[in-house]
Structure formats: structure tokens, C-alpha cells
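Structure first, commentary second.
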2 protein chains.
Amino acid sequence: MALTEIADRPAGEDAPSLHQRILSDISEKIVSGEWAPGHRIPFEYELSATYNCSRMTVNKALSQLAKAGMIERRRRSGSFVRRPKSQAAILEIHDIKTEVQALGLPYRYQLVSRRMRRGTADDRERLGLTEPSTVIALTSLHFAGHRPFCHEDRLISLRTVPDAEHEAFAEIAPGPWLVGRIPWSVAEHRIRAAGVDAGVASTLDIDAGTPSLVVERQTWSADQPVTHVRFTYAGDGHTLVARFTPAQG
Amino acid sequence: MALTEIADRPAGEDAPSLHQRILSDISEKIVSGEWAPGHRIPFEYELSATYNCSRMTVNKALSQLAKAGMIERRRRSGSFVRRPKSQAAILEIHDIKTEVQALGLPYRYQLVSRRMRRGTADDRERLGLTEPSTVIALTSLHFAGHRPFCHEDRLISLRTVPDAEHEAFAEIAPGPWLVGRIPWSVAEHRIRAAGVDAGVASTLDIDAGTPSLVVERQTWSADQPVTHVRFTYAGDGHTLVARFTPAQG
DNA sequence: GACCTCAATATGTATATACATAATGAACAA
DNA sequence: TTGTTCATTATGTATATACATATTGAGGTC
């Protein structure tokens, strides 16, 4: 009877594509534990029979699952549920304006200092420069409402970003200015806790040594160092939050 | 002449699949900035002509690029390079044993305390429990060499993980014990800096108030709260590091 | 001009088919 | 026993084809 087929896809529900449905069916079996790690999932031709579709459609679903790291595919042997890769997980880090506005507070940017100089040894270290180069050194503040939310200490390599020489950064923060102008290919983050030093403490209007969250980001574009930023979030007021589902690399 | 065809694929090079090559060709044009955000990339049938392949092969490449967030596809209009989505990025967090061993130091786990209790209001808050439930509360230390590397403060919901009642956690850390036993579907991380409180300070053998990195992780399996952990990494000795290429969500 | 209709168009999804490739295991030879 | 050969098998990749679907733009009507 046609009734069962109708029941498969209730009227109000918008129908996802078939390979999508196969994918989520399998994904659910894995996440629920019904198919434990190591379990061999049905062969492509078996699934194509149960779903009454072609092997290509099943292949599309399984390939995506393999890419997401949920299953492992072995020729001649079949596809297997992968063991979760330790407690590894993924965290998203947003830009500051978004962060502040997500808190429902008005955002404001303020430049504290701007210097151009021949890169010191420390500058080269931070940027990952091998040869001397001229750099722009910026310090600035990001406000959430009336209170300073974050202190930014940034270097920009003029060799890679010559336009930065003619930008005052009085109105626009260097982050948004760089984004869109310089396509970055690789970046590296470092997150740690530290007591704030005297200089940063005074601009943030807190006591030196107060615990703070330090996020450093180093960015390259096509192997050329672009910028190095050090964000200092004062006190324990700031938290990086991430929600995610297991995507075992 | 066949010579040009040979030149296309040098002898020593292993040939990636065609759709892979199309994907990386386009990806490179985008990352290099040759195709700026908003640029309309060639239509599927155009690319299939230039690469002398079927539309399906091009479609596979473009679909993956769209999924990765690098391009946006619009029916009837074509495919366009997407504007990078702010400075969002991704960070991987590994489990502690792996972290310690990556430093080349011997790893050791030590249980400090284990209690079973009817969940307090704070316990329910941490686990995300709506109704009262019995919980296991564990505190333990992770050593890197001789020094305490990390303090762990964990709650496990006995309702979701009844087996935990019969596990002493004297030999095995609760993290690895839970992994593999309970497939988790969702997790949430919170990362912040804080001064350590007196209790944790004494077990870590440092002064109270020392800046420390606190990583909290809350885990659910099929909407059921599984566990809540609070890792405290003493001082500024510990850094979370992440390297990544831009996958603009 | 505002509105409607409709053909054109680019992507979305799915099929049937084909051959390549890696891995397994059984049959067979030294 | 050890090693080799070889057919089998499941996945990997690619093609040609088909129809669905959303969107655009042109043309006609009120």
C-alpha cells in the first residue's frame, strides 16, 4: 500500500535529499552507539538495495562521512565506524566587535599608539620574519560599553602590507582593515593565562598581575608574514565559548 | 603532440584525482586573491570545457568548496567567491595525556578524591541537569614529569553513566574511561583565565591567586548530561596552540 | 509603470554505466 | 612451509544522461 510510503515522508516536512538522509541515518546510528567503533557498516551495494537507490547516491553519503572522520573506508574490506580521536575538539574564535555586540553592549575602538620602525629582533620573532623589515606597531583598546574589554598589541609587516603605511588606524581597527584586504592562508593561535604587565594594566585600568586571558594570532598569506596580534582580556570576565559536535579528525 | 600532455603530469608526481585538482586550482586562485570576494567563478559547463571533463566532476569540486564556505552557489546566477567571515577560526584541543607526551615528558595520573552524592544545586547547574540525580565528584591531578601539570575537577551523572558507580578511578583517569564508553553527541567548551582558589592552589603546590588557564567542558550524549570537567592549568606555563587554514563558516 | 507569464539558465540531485585500484584469500608451485 | 599467481571484491573516480528547481530577464497586458 502507498500508506507506508506516505508515512515515510510526512506532508509538512520538507524532504532533504536522499544522500543526506542516508548520511544522517548512519550518523545517528554511530552517535547513538548502536554501531560501535569498529563496526562494519553495510556495503554500498547493500545500502543501495535497502534505500532502493543507485550506488553513487550511497557513495556520496559515505564519502562525506569518511571526510568528516566518522567512518574509515577500506577497499575490498568495507567501511568501518572510527574510534573517537581522544577528546580533541574544535573551538571557534570570533572577532572582537562581534563578541562585544553578542553581549548586547555598544562597541567602540580606540587607537592608543601607532609607530613605524625598523623591525627589532623581538618584532621579527613575533612576525616570523627571517630578514629585517619595516613594521607598524599598534596598540589599541576595544571597549564594551564604558569599560575597556580588550587590549590589542599588533605588528604589521610593511613588506607584505605596504598600504598600512598610509593608514592611520584612528577610525578603523587594524583587524577589520586587514580582513578582506589581505587573504590569509595560514594562521596560528596561542591561548594562555598570564598576569598583566604594568603597561597593559594601566591602559586597561586594572592592577598589574591581574589574571588575564591572552590570545595571540600569527597570520601568513602565501608564506609571507602578515601580522601578529596579542589580545589581552582583563580579569576573568571574558570566556571563549565553543559548542560543537564530534568531528574526529 | 603528446609532449604537452606528458608535461601536464610529471613522471615522479602522483596524480591526484581530477576533481581534487579542480578544487585546489580554484582554491588557490581565491586564497591568492586573484579571484576576490564577490568574483563570479566560471560556470560549471565552462570549467568542464576547460578541464575537458564532465559537469559532474566539476560539480563535485564546487560542491565541496561551497561546503567549506569558500564559495557561494546561486541557481541561475552562478558561483561566487565568499567574503571571509570575520576573523573566526578553529582550535583543536587534545586530551591531557597526549599534551603531556607531546612535550616529551612522562605522564602520570593521580586520584585526589572521589565522592558519590545526591547532586547539589551547583552540581545540577554544572551538568545541566533539570531534575535531581546522583553524581560522582572526582578531583585528580595530571603530572608532567615530577610537576603537577593540570588539576581536574569532574562531575559524572550516574543517571547517564551508571557504570561509574563501580569504577574507582584510581588507575585510570575519568576522561579516557568515559571516551569510548559513552559516545558523546554535543559538547561545550569554556576557556578563561582566573586566579586559582586556595584548594586547587594547595594541590597544585602554588600560591593562591596565581593566574591560571581554566578549560571547562560539558558533554551530552543524546541530550543526556554525561559529565562536566574543569581543568586548571597552573601559571602561564600552558598554552593552547592551533594552526589552521581558513574555513570560513 | 505595475503586474503577470513564460522561456531560458545554472545549479541540485539522481541514475546507469564503466573502468581503475587496492586488498584479500584461495589455489598452486617451489 | 613459504612464496607466487590470480580471480574476486569493495571502493574510487569519471562519464553521459535526465529531470527537478530556483531565479532571472524579456515580453506582453492591464
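Within every chain, numbering begins at 1; the chains are lettered A, B, ... in the order of the sequence lines, protein sequences first and strands thereafter. All values below were derived from every heavy atom in this structure, side-chain atoms included, with hydrogens, water molecules and symmetry-related copies excluded.
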Parallel, tilted or perpendicular: rings of B:Trp35 and B:His39 (30°, 60°): parallel
DNA chain C: 5'-proximal contact among B:Phe43 and B:Met56 (nearest heavy atom): B:Phe43
Salt-bridge present (B:Glu216, B:Arg192; N to O < 4.0 Å): yes
A:Thr227/A:Trp220 under side-chain contact (heavy atoms from CB on, under 4.5 Å): CA gap, chis, key distance, verdict: CA-CA 7 Å; A:Thr227 188; A:Trp220 293 264; over 6 Å; no
Sidechain N-carboxylate O distance under 4.0 Å for B:Glu46, B:Arg40: yes
Nearest-0.5 Å distance that lies between atom CG in A:Leu127 and atom CD in A:Gln224: 11.5 Å
Sugar-phosphate only, base, or nothing, as touched by A:Leu62 at under 4.0 Å among non-hydrogen atoms: nothing
Donor-acceptor under 3.5 Å (B:Tyr109 side chain, B:Pro174 main chain): no
Electrostatic pair B:Glu99:B:Lys97 at N-O distance under 4.0 angstrom: no
Residues in contact with DNA chain C, drawn from residues 72-80 of chain B - heavy-atom cutoff 4.0 Å: B:Arg73, B:Arg74, B:Arg75, B:Arg76, B:Gly78, B:Ser79
Outermost DNA chain C nucleotides near chain B [under 4.0 Å, heavy atoms]: C:dA8 to C:dA14
Salt-bridge criterion met for B:Arg73 and B:Glu44 (N-O under 4.0 Å): yes
